Amino acid sequence: MRPSDSLSDSLVPDGFRVLDARLAFGTRVLFDDVSLSLPASSWSCLLGKSGCGKSSLLRMMAGLDVSSDARLTLMDTSHRPFDKRIAWMGQQDLLLPWRRVIDNVQLGAVMRGERHDTDRAMALLERVGLGQAARRYPQTLSGGERARVALARTLFEQAPLVLMDEPFAALDAMTRLDIHAQACELLSDRIVLMVTHDPLEALRLSDQLLVMRDSPARIERVLPPEGAPPRDPAGASISHHHGQLLKALTEQDA
Amino acid sequence: MTRVPCLALLRLILATAVLIALWQLMVFLGAPRYMLPSPLSVLHTLVAQAVLLWHHALVTLGEIVAGFLCGTLLGTVTALTLSRWAFLRSTVLPLLLLTQAIPVFAIAPLLVLWFGYGPGSKIVMATLIIYFPVASTCYDGLRQTQPGWLDLATTMGGSANRQLFYIRLPAALPSLASGLRMAATAAPIGAIIGEWVGSSAGLGYLMLQANGRMQTDLMFAALIVLLIITITLYFTVDRLCRLAMPWQPDRAGRHALINGERA
């Protein structure tokens, strides 16, 4: 299913690669020489114990400050220059309380000093089913609705790479299942890397499962369940993989 | 969220009535008239001297409003400058603190010397008195922006200036508003002190004159007019702040003065 707001062809990369990532705080090296690849139109989930540096890795990819001793090369697999256009979803929905829903969706245009594109923002709100809430303030919305506005804001960015840092962690289980299905559909033409603490969420959404472990950390690929995301959380393959993934996550560091 | 302005107003009126009754009681108990005039005689003076009071009130009101506006403008600009350019913090911030170590009252005679007996010195006084509270609350607000918002703005390619005006400043508005409410009650102090030190018009001048002639009832009348000015200014500022932040939920806290502890 191709969203009406799909990226123009020139923007769709074959994939991204992270090469030679290093992060250290003083003498403590969290990871060094870590690399990973994100194939075209894929959803990758990055799991790992808290403090292993997975959120930091994501922040580094987004160009956000982490540490003075941090480096990373992010490139397009077709070796085209990467123009740094990423869309970011943080741990909360990060909606600005003083901007109406529609203006939150267009925040990127304001930040870059571009012309407002209210029509496109409105179309995106309609797509997440919140067209009627455009003129409301975010705090009058439910948690699920806010997450959907954040999703519309992410789509507005038209960035090929979407980086998510546990964006749905604050939602209740049922709402989360809904937003998973919607995110999966809406972001089908983007390359998504999502950090999560929830193995079930990762199994439901991943085309590629990445587990970060050991110290200094390395990234290990785990086979995702069969079938296309979003997978049925009650399916037999998910519960089978759930055990394996939990084992991979809790195994003693080598 | 419950709005019961009538009930709140009723309580305010009741409290005022009790206070006036206590006042009258003191007069009955034999407080000398030159020390404590009766509420009725004060009311009589208020009516009889309305023109005189009005004349002086306008002068003081002008000084207060001008001082409030100048102090707000200067304070906000200072806060914005400090948070935009980090290198200024280490030099300007200690200086700011140093100026606060000097009581404004102590330099009032100097201000009169520099800015004259007219409204100028009073406006400067009121400005100085509210400058620091406004600057520091606004600066605190600007510093405490939720880091996630700034991260988001950074990934969107927002420049430092855009982040300041579209993210940090709106996020600081609630703090700035509390600074402005504080300033609304402090600005009249500056104007009155200024008038005491040296002036030819204004409520402070009138009170000093009345005091010298033992016209205690006129002093009280002037005091009541000042009270009305200050309260009006406070609620106008409070109202404007809320109008500037339509997204803020209609919490009871905004009427903390009237609603008391009922949050």
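These numbers come from a predicted model, not from an experiment. Each chain gets a letter, A, B and so on, in the order its sequence line appears, and its residues count up from 1.
- Annotation for A:R22: atom CZ counts as buried by contact number, over 12 foreign heavy atoms lying within 6.0 Å.
- For B:D151, the side-chain contact (heavy atoms from CB on, under 4.5 Å) partners at least two apart in sequence or on another chain are A:R59, A:L64, A:W88.
- Between the side chain of A:R112 and the main chain of B:G158, no donor-acceptor pair closer than 3.5 Å is present.
- Between chain B and the options A:G108, A:G113, A:P97, the largest number of non-hydrogen pairs under 4.5 Å is found for A:P97.
- Remark: B:W149 CH2 to A:L107 CG distance equals 11.0 Å, nearest 0.5 Å.
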Q: Determine, stepwise, if the pair A:R153 / B:L152 fulfils side-chain contact (heavy atoms from CB on, under 4.5 Å).
A: CA-CA 11 Å; A:R153 182 188 59 200; B:L152 180 70; 3.4 Å; yes
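- Inter-residue side-chain proximity for A:L94 and B:Q146 is flagged as met; some heavy-atom pair is nearer than 4.5 Å.
- Using a 4.5 Å heavy-atom cut-off against chain B, the contacting residues of residues 128-146 of chain A are A:Y137, A:Q139.
- When the heavy atoms of residues 164-176 of chain B are compared with those of chain A, the residues falling under 4.5 Å are B:Y166, B:I167, B:P170, B:A171, listed by number.
- Considering every non-hydrogen atom in both B:R162 and A:M111, the closest pair reads CD-O, 3.2 Å.
- Residues of residues 65-73 of chain A never come within less than 4.5 angstrom of chain B, heavy atom to heavy atom.
- Using a 4.5 Å cut-off on side-chain heavy atoms (C-beta onward), A:V110 and B:M156 make no contact.
- Using a 4.5 Å cut-off between heavy atoms, A:L163 makes no contact with chain B at all.
- At a 4.5 Å heavy-atom cutoff, the contact between A:R99 and chain B is made by side-chain atoms alone.
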